[in-house]
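Got a structure here, written out as structure tokens. Questions coming.
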Amino acid sequence: MSPKATALLAAALLALSPALQAGEAASGHDHHGHAAPQKLQLNAGKPWPTDASLRQAMGNINQAMAEALPRIHKNRFTPGDYQGLAAKVQGEIAYAVENCRLEPEADAMLHLVIADLAGGAEAMAGKGKASGHDGAVKVLAALQSYGRYFDHPGWRAAGANH
């Protein structure tokens with residue numbers, strides 16, 4: 001392979017890295033060897049436990065969405081703004097997948113939330129047919145689901161009062 005072709009391939013792989021990480025987090029990541037459940041459910045009627053890494057990543061996503069919402073609601077969020085927000089969400093997903101250590105059943109439930117977060121981030125990044133706004137709505141819905149199904153003291157999902 002020529003040096004130019006090698007450089008182009010490396011650049012393409014780097015550009016795809018966040019999407020691949022988010023996709024892996026959403027579908028292929030399975031560090032506990034369990035089958036993915038089909039829908040979110042509580043743990044015998046109680047929220048699933050979380051760990052500090054997961055709470056940090058989800059809190060960071062929630063904060064980024066809360067900061068973006070006023071401009072999104074006023075239609076003042078540009079495609080570049082959505083791409084930046086998508087990158088933030090994808091980075092936090094990658095952090096959570098890499099660092100959180102949940103029991104297999106809780107982890108399986110988390111992957112459903114991560115799939116929605118990743119799908120929303122992809123739309124915000126301009127990938128697929130959904131708009132950036134639609135992607136933000138999907139991320140907000142995932143944050144609300146996280147709060148309903150996971151034990152995160154003091155959690156209040158961004159946009160929950162809208």
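Counting begins at 1 with the first residue of the sequence.
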Connected via hydrophobic side-chain network under 4.5 Å: Tyr95 and Val89: no

From Ile114 atom CD1 to Ile61 atom CD1, the distance as rounded to the nearest 0.5 Å: 8.0 Å

Heavy-atom check, side chain of Tyr149 versus side chain of Leu42, under 4.5 Å: yes

Gap between atom NE2 of His111 and atom CG of Asp116 - 0.5 Å precision: 13.0 Å

Heavy-atom side-chain contact between Asn60 and Lys88 under 4.5 Å: yes

Atom pair CG (Leu143) and CG (Leu117), whose distance is rounded to the nearest 0.5 Å: 6.0 Å

For Ala158 against Ala66, the heavy-atom pair lying closest together: CB-N, 3.7 Å

Rounded distance [0.5 Å steps], CE in Met58 versus CD in Glu92: 10.0 Å

Qualifying residues under side chain to side chain donor-acceptor pair (under 3.5 Å), relative to Asn43, sequence neighbours excluded: none

Heavy-atom pair with the smallest gap, counting every atom of Pro49 and Leu102: O-CD2, 3.6 Å

NZ-CG distance between Lys39 and Leu112, expressed to the nearest 0.5 angstrom: 11.0 Å

Inter- and intrachain pairs under salt bridge (Lys or Arg N to Asp or Glu O under 4.0 Å), touching residues 68-79, at least two apart: Arg71-Asp81

Sequence neighbours excluded - ring pair (Phe, Tyr, Trp, His ring centres under 6.0 Å) pairs with any residue from residues 114-147: Tyr146-Phe150, Tyr146-His152, Tyr146-Trp155

Least distance between heavy atoms, Met65 atom then Ala136 atom: CE-O, 3.7 Å

Main-chain N/O of Asp151 paired to Thr50 side chain as donor or acceptor, under 3.5 Å: yes

Counterpart residues, ring-ring contact (aromatic ring centres under 6.0 Å, His included), relative to Phe77 (two or more places apart): Tyr82

Set of side-chain contact (heavy atoms from CB on, under 4.5 Å) partners for Ala130, sequence neighbours left out: Ala123, Asp134

Taking every non-hydrogen atom, the tightest pair across Met109 and Gln41: SD-N, 3.3 Å

Backbone N/O of Arg156 and side chain of Asn62: donor-acceptor pair under 3.5 Å: yes

Minimum heavy-atom distance Leu40-Ser145, with the two atoms named: CD1-CB, 3.7 Å

Cluster overlap Val113 with Val137, hydrophobic side-chain contacts below 4.5 Å: no

Nearest heavy atoms of Gln144 and Gly159, plus distance in Å: NE2-O, 4.1 Å

Spacing of CG belonging to Leu85 relative to CD belonging to Gln90, to within rounding of 0.5 Å: 10.0 Å

Sequence neighbours excluded - salt bridge (Lys or Arg N to Asp or Glu O under 4.0 Å) pairs with any residue from residues 45-59: none

